[in-house]
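First the proteins, then the strands, lettered A, B, ... as listed; each starts at 1.
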Amino acid sequence: MSRHTRRVEVTDHARGLLGRVLHGHGVAARITEVEAYGGINDPASHAFTRTPRSEIMYGEPWRLYVYRSYGMHFCANIVTGPTERASAVLVRAGEVVEGIELARQRRGERIADAGLARGPGNFASALGLTLEDLDTDLLGAGEVHLGSHPTATPDISEGPRVGISKAADVPWRFWITGHPTVSAYRRSRRAP
DNA sequence: TAGGCGATGACCT
DNA sequence: GGTCATCGCCTAC
């Protein structure tokens, strides 16, 4: 398989996740913003160097990869496979469509609805995702799983990924055009 | 075993 | 708009 074909794969998965609903511990959110990570070919991916932490991305697709960022935040990724390719999609933002009261309890009463799941750390927080959910099968019927595909294809915009210092110019960030939950672009301080 | 750093968020002006 | 807290994980020694 060619390098080009791999690139299309992971970005197609990223686009395909927009508009899908992710259920997490009593809260459901429609995914509005994602970033694609190309695994072994992507310097910005955790899987670029194979470590015990990134090992899960080399395994079965449609598993949940959760990691801790800056010591206190969790970020949720969906492994898209195939096995050994280590491709994954980072969920950056969503619109809470079920369990909004529970989401508000987790995030804080004063947060506006559109901000409940804006930003990767906030999205994981709103859905109650932690390291306990690592390796969850998202196609299963557990507390954390993916819903069906949306009936209509959303209008998708693309741009550079946020907050990374390597390969910061690759346009592998996708979001639903004009959606209020999408976070503003901010380039990493360490990016060249 | 120690040092450096980050796929962030919140708060301040 | 910009600045900074904060700590587990990875890498090098």
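Rounded to the nearest 0.5 angstrom, A:Cys75 SG and A:Arg68 CZ are separated by 11.0 Å.
Ring geometry for A:Trp62 versus A:His13: interplanar angle over 60°, hence perpendicular rather than tilted (30 to 60°).
Among B:dA7, B:dT8, B:dG9, the nucleotide with an atom closest to any side-chain atom of A:Asn77 is B:dA7. Residue A:Pro120 has its side chain nearest to B:dT8 when only B:dA10, B:dT8, C:dG8 are considered.
Residues A:Pro120 and A:Leu90 share a closest heavy-atom pair of CB-CD1, 4.3 Å.
Sorted by first then second residue, the salt bridge (Lys or Arg N to Asp or Glu O under 4.0 Å) pairs that include residues 94-107 of chain A, not counting sequence neighbours, are A:Arg30-A:Glu95, A:Glu101-A:Arg104, A:Arg104-A:Asp113. For residues 34-55 of chain A, the pairs satisfying salt bridge (Lys or Arg N to Asp or Glu O under 4.0 Å) are A:Glu35-A:Arg92, A:Asp42-A:Arg161, A:Arg50-A:Glu55, A:Arg50-A:Glu84, with sequence neighbours left out. The stretch residues 124-149 of chain A participates, sequence neighbours left out, in these salt bridge (Lys or Arg N to Asp or Glu O under 4.0 Å) pairs: A:Arg63-A:Asp135.
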Tabulate atom names and distances for all N/O pairs under 3.5 angstrom spanning the protein and nucleotides 10-13 of chain C.
from: C:dC10; atom 1: OP1; to: A:Thr51; atom 2: OG1; distance (Å): 3.4
from: C:dC10; atom 1: OP1; to: A:Arg53; atom 2: NE; distance (Å): 3.0
from: C:dT11; atom 1: OP1; to: A:Thr49; atom 2: OG1; distance (Å): 3.2

Find every protein N or O atom lying less than 3.5 Å from an N or O atom of nucleotides 5-7 of chain C, and list the pairs.
none

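Proximity of residues 103-114 of chain A to DNA chain C (heavy atom under 4.0 angstrom from any strand atom) is not detected for any residue.
Stems are defined here as 3 or more consecutive Watson-Crick or G-U wobble pairs with pairing distances under 3.5 Å; those involving DNA chain B are B:1-6 with C:7-12, B:8-12 with C:1-5.
Clustering of Ile, Leu, Val, Met, Phe, Trp and Tyr by side-chain heavy atoms under 4.5 Å joins A:Val97 with A:Val21.
For A:Val91, the side chain to side chain contact (heavy atoms under 4.5 Å, CB included) partners are A:Ile31, A:Ile78, A:Phe123, not counting sequence neighbours. Applying the side chain to side chain donor-acceptor pair (under 3.5 Å) rule to A:Ser157 yields the partners A:Thr177; only residues at least two apart in sequence or on another chain are considered. Every residue two or more places apart in sequence or in another chain that forms a side chain to side chain contact (heavy atoms under 4.5 Å, CB included) with A:Pro82 is listed here: A:Glu9, A:Arg85. Looking at residues two or more places apart in sequence or on another chain, you find no side chain to side chain donor-acceptor pair (under 3.5 Å) involving A:Thr80.
Atom-to-atom, NE2 of A:His46 to C1' of C:dG8 comes out at 12 Å; the value is rounded to the nearest Å. A:Phe74 has its CZ atom 10 Å from the C1' atom of C:dG8, to the nearest Å. In this structure, A:Ile164 atom CD1 and B:dA7 atom P are separated by 8 Å, rounded to whole Å. In this entry the distance linking NZ of A:Lys166 with P of B:dC5 reads 11 Å, nearest Å. The separation between A:Arg68 atom CZ and B:dA7 atom C1' is 15 Å, rounded to whole Å. To the nearest angstrom, C1' of B:dA10 lies 13 Å from CZ of A:Arg118. Atoms CD1 (A:Ile56) and P (B:dA7) sit 18 Å apart, rounded to a whole Å.
Just one of A:Leu138, A:Val27, A:Leu17 meets the side chain to side chain contact (heavy atoms under 4.5 Å, CB included) condition when paired with A:Leu22; it is A:Leu138.
Side chain of A:Tyr58 to backbone of A:Ala47: a donor-acceptor contact under 3.5 angstrom is found.
No side-chain heavy atom of A:Trp172 sits under 4.5 Å from any side-chain heavy atom of A:Ile164.
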